[in-house]
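Just so you know, these numbers come straight off a predicted model, no measurement behind them. FYI, side chains are in, hydrogens and waters are out, and symmetry mates aren't considered; it's all heavy atoms of this structure. Note on naming: letters A, B, ... go to the chains in the order of the sequence lines (proteins, then strands), and numbering restarts at 1 for each one.
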Amino acid sequence: MFIRVEGLHKNFGDIPILRGVDLSVRKGDAVFIIGRSGCGKSTLLRCLNGLESFELGKIHVGNVDVQMSGGQPLSERQIRGLRNQFGMVFQSFNLFPHLNVLENVIKAPMVVKGLSRADAEAIAVPLLEKVGLKSQLFKYPSQISGGQQQRAAIARALAMNPKVMLYDEPTSALDPFLVDEVFQVMRQLADEGMTQIVVTHEHRFAREAADQVIFMEDGLVVEAGPAEQIFHSPKDDRTRVFLRKYA
Amino acid sequence: MKSLIAGMLIALFGAASAPAATAAEGVLRWAADAEGGAPYVFRDPRNPSRMVGFEVDLMEEVAHRLGLKAEFVQNQWDSLIPGLQRGDYDVAVNGIEITEDRKREVLFSDPYFVTYEQITVRKENQDLQSLEDAKGRIAGTLKYSLAERILKAQGGIEVRGYDSQTTIYEDLSNGRLDFVLLDHPIAVYYGNPDPRLKSVGRPVGDMTYGIAVPLSNAALQQKINQALSSMKSEGKLREIYDRWGIWNSRMAEAFQDYSPSKKATELNEYLAAMGRTQTWRQQAAQYWSYVPLLARGAVTTLQLSAVGMILAVALGLLLALVRLYVGGVPGFFAMVYTEAIRGTPLLIQLFFIFYGLPNIGIKLSPFVAAVIGLGMNYGAYEAEVYRAGFLSVPRSQMDAALSLGMNRWQALCHVILPQATRVALPPMTNDFISLLKDSSLVSVITMVELTKVYGQLASTYYDYLGIGILTAAMYFVIGLPFVRLSRALEKKFTKGRPHI
Ligand SMILES: Nc1ncnc2c1ncn2[C@@H]1O[C@H](COP(=O)(O)OP(=O)(O)OP(=O)(O)O)[C@@H](O)[C@H]1O
Ligand SMILES: [Mg+2]
C-alpha cells in the first residue's frame, strides 16, 4: 500500500473530529471520500498533508512515516516529510490573486526549491498546457473563469511534483457547466498513474472514476470498497441511508 | 515669551547633565531663535541668507573679546535652555529674562540690556496713557509673555494673546484692539513704523536680559561678565543699542549715562528696506531670493521625512508581524507600544528623546533624534495600517502557500505580505504626507527645516501670506513624487484585483 492511515484521532479543543480513521490507498488509485457535511472529510485531508496536527495514530505515505502518540504537535521534519508527498487543491481554488497564472505556478518551485525563473517556467508551461491554459499564462485569477482557476490550481500543485494529489470538493464552487473540464483534467492525471484522493459530493463522477470509495460518518470510516459495491450494494445501513438521501 | 511651555517641558524631563563644553576649539557657539524677529536676531531683509540683530552684534563683540569666533545656532525659543543644558551650544542669548525660576536651571551673566513694556495706541486714541486708564479695553500681546502676566494681574482688561508680534500691531491698526503692551524694542520695530500708531505713557514693568550659561560653566560666566563690563565702560554696548535705536530711559538709569542717543543707523536701514515700495518685478525678484533658503529647508524636511518613513514602515511591519504571528508576551508589548505612542503627542516624544535621554547617557544628534522620533511615532500608526492589511488576507492563502511546501516565513514574504501591502499602501501614502508636515515639529530640537525657514523669513518681512503660499507650494512639490510613487506601486500591486 502506498498510503496507510491507522487509528487517526484528531480533536478541535475538546471535540473529537476524527475518531480513529483507517484507510489504505494503492499507488495510482483514485480514491473518493463521500459523507455528510461536517463528518471530517476536509480535516482528514488536512491531517494527511500536515496542515493540521493530530493527537493519535499513524500516517504512512511512500517512504515517510509519521506516528503520533499524544501531546506534542508535528515537528518541522514531519510536516516537511508529509508536504513533499502531497499536492492539494481547494474548494475555493486559493490562487494567489496578486500573481498571474504563470507566476502562481512558478512561485513555489522558485521559493521552495530555489529554481531559477527559466527552470521553473520550463516545468510550469507544459503543465499549464496540459490543463488547457496555454493561452492564459499572463491573465490574473480574477480575469479567468472558475473552471480555469481550478485547473491553474491543479497545475500549481503539480509543479511541486507531488506523489499524491488531494482534492477537497474541487468542483463545489463551480457553475455546473464548468465541472466537467476540471474532472477531465483529473481523469487525465489518473490515466498517467497519479495517485489521487478526492473529497466530493459528485457521486456521478465518483461512480465512474473511482478505484475505491470511502464513506465517512462522525469522524470514522464506515465502509470502503469498489464504487460498484458502495453505490449498488452497501453493507452498512448508514451508507444505505446516506445514499438514499443524497444519490 | 513662551517661558511657560519651556518651563513645563523642563519640569517634565528634568535638567540634563551638561556635558563637556565646546565642540570646536576657538568658537563660541551661541543660540537664539531667528523666528523671534527684529531687532533681536533675525534674517536681514536686504539679504535673507544673513542673520542680523543687536544680539548678533553683541555676541560678535563678546566672542571677539574672549578671543573666540562667534557661531550662531538656531533653536526654538522654548528649547533654548534645554539645548544649553544638553550641551549643544555654549550660551543662549535671545531676550531671555533673568528670573528666579531660570536661575535654578542656568547661570546668567550680568544684565546686558534692560527694558520695559511699552503701551502703543492708535493716534486718535491717546486718552489711554496707562494701564489704570485701560479698564474695559481690549489689549493685545504675545502669549505667555511678561506683558501678558502684567495685563492679567491689572484686572478689568480683556487680554488677547498672539503668537506673532506683526499681527498684533496690525489688529491694533485696524481697530480690533484698543492698545498693545509689548517689550519696548518690539514696539520700536513693529509698532512705531505704522503711521497710524503711537507709543505713549510711562514704562511698565521691568525686564533684564542676561546671557544664559550652563550651570557647570562658571568660568565662562565670569569671562563673559568681564567682556560685558569692559564693553560697557568703553561705550561699546551703548553704541550697539544706539545703532539699533533701542537705547531707553531704563538703560540710561542703569548705565548712569544721560547723553542723547546717536543716529539709529540700523533701525533706519531696516525701516527703509521694509518701507520700500516695490514694482511687481522687484517683488517677484524678492520672492525668488527666498527660494534657495526655503529649498535648503525643504531638503532637510525631505531627508527627515524619507528616512523617518522608512524607519516607520519597517517598525510598523515588525510590530504588526509580532502582534499577529508571534503573540504572547511579545505581542502584548507590541500592542502596549502602539497604544502608548499613539496616545501621546509627537512633540513630547521628540523632547524626551532629545533633551530627556541625555540624563541616562544617550545623546543623539539632532538629525538622528528627529528621525528616530518621527520613525517611532509613525511606526505605531503603520503597525495598525499593516495589521489591517494582514487581516484582510484570507487564511486560506496561508493554507495554499503551506500546502505547496513553503514554510511560514516564505509564505508571509511571497504570498501574504504583497497582498497586505496593496491594502496598506493608500493609508501609508496618507501617513507619509502627514509626516512630511509633522516633521516641522523637529524645530524644537535645533533642526532648521522648511517651516522654520518660513517662520524666520515671514517674521523678518511681516509677510505671512506671500511667503506662506511659497512654502505651501514647496511642501506640495516635495510631496508630489511620493504620491506618484505610491500610485505606481498601487497599480503594480492592484494588478489582478477585480474591478469594483
Ligand atoms: N479549525 C477548526 N476549529 C474547530 N472546529 C473545526 C475546525 N475546522 C473544522 N471544525 C469542525 O470539525 C468538523 C469537521 O469539519 P470538516 O471541515 O472536516 O468537515 P467536512 O466533512 O469537510 O464537511 P463539509 O462537507 O461541510 O466540507 C465540523 O464540525 C467543523 O465544524
Ligand atoms: Mg470539507
Passes side chain to side chain contact (heavy atoms under 4.5 Å, CB included), Met406(B) versus Lys107(A)? Steps please.
CA-CA 10 Å; Met406(B) 294 187 204; Lys107(A) 198 67 184 176; 4.0 Å; yes

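Only the backbone of Phe86(A) comes within contact range of chain B, with at least one heavy atom under 4.5 Å from a heavy atom of that chain. For chain A, no part of Arg408(B) is nearby; none of its heavy atoms comes within less than 4.5 Å. With a threshold of 4.5 angstrom between heavy atoms, Leu95(A) approaches chain B through N, CA, C or O but not through any side-chain atom. Residue Ala401(B) touches chain A through both its backbone and its side chain, counting heavy-atom pairs closer than 4.5 Å. Of the two parts of Asn49(A), only the side chain, counted from C-beta on, holds a non-hydrogen atom closer than 4.5 Å to a non-hydrogen atom of chain B.
With sequence neighbours excluded, the residues forming a ring pair (Phe, Tyr, Trp, His ring centres under 6.0 Å) with Tyr381(B) are Tyr378(B), listed by chain and number.
Within a 6.0 Å sphere centred on NZ of Lys27(A), other residues, nucleotides and ligands contribute more than 12 heavy atoms. Other residues, nucleotides and ligands place no more than 12 heavy atoms under 6.0 Å from the CZ atom of Arg484(B). Counting heavy-atom neighbours within 6.0 Å of Glu76(A) CD, excluding the residue itself, gives a total of 12 or less.
The minimum heavy-atom distance between Ala400(B) and Phe96(A), with the atom names listed, is CB-CE2, 4.0 Å. Taking all atoms of both residues into account, the shortest heavy-atom contact from His98(A) to Pro418(B) is CD2-CB, 3.5 Å.
Inspection of non-hydrogen atoms places no residue of residues 429-442 of chain B under 4.5 Å from chain A. Annotation: residues 292-322 of chain B contacts chain A through no residue [non-hydrogen atoms, separation under 4.5 Å].
Remark: the backbone N or O of Leu404(B) is not paired with any side-chain donor or acceptor of Arg156(A) at under 3.5 angstrom.
Taking 4.5 Å as the limit, some side-chain heavy atom of Gln397(B) sits within range of a side-chain heavy atom of Pro97(A).
For chain B, the option among Asn94(A), Ile79(A), Asn100(A) with the highest count of heavy-atom pairs below 4.5 Å is Asn94(A). Heavy-atom pairs under 4.5 Å with chain A were tallied for Gln410(B), His414(B), Met398(B); the largest tally goes to His414(B).
Among residue pairs with one or both ends in residues 300-328 of chain B, those qualifying as ring-ring contact (aromatic ring centres under 6.0 Å, His included) are Tyr325(B)-Phe390(B); sequence neighbours excluded.
Distance CE/Met88(A) to CG/Leu402(B): 11.5 Å, rounded to 0.5 Å.
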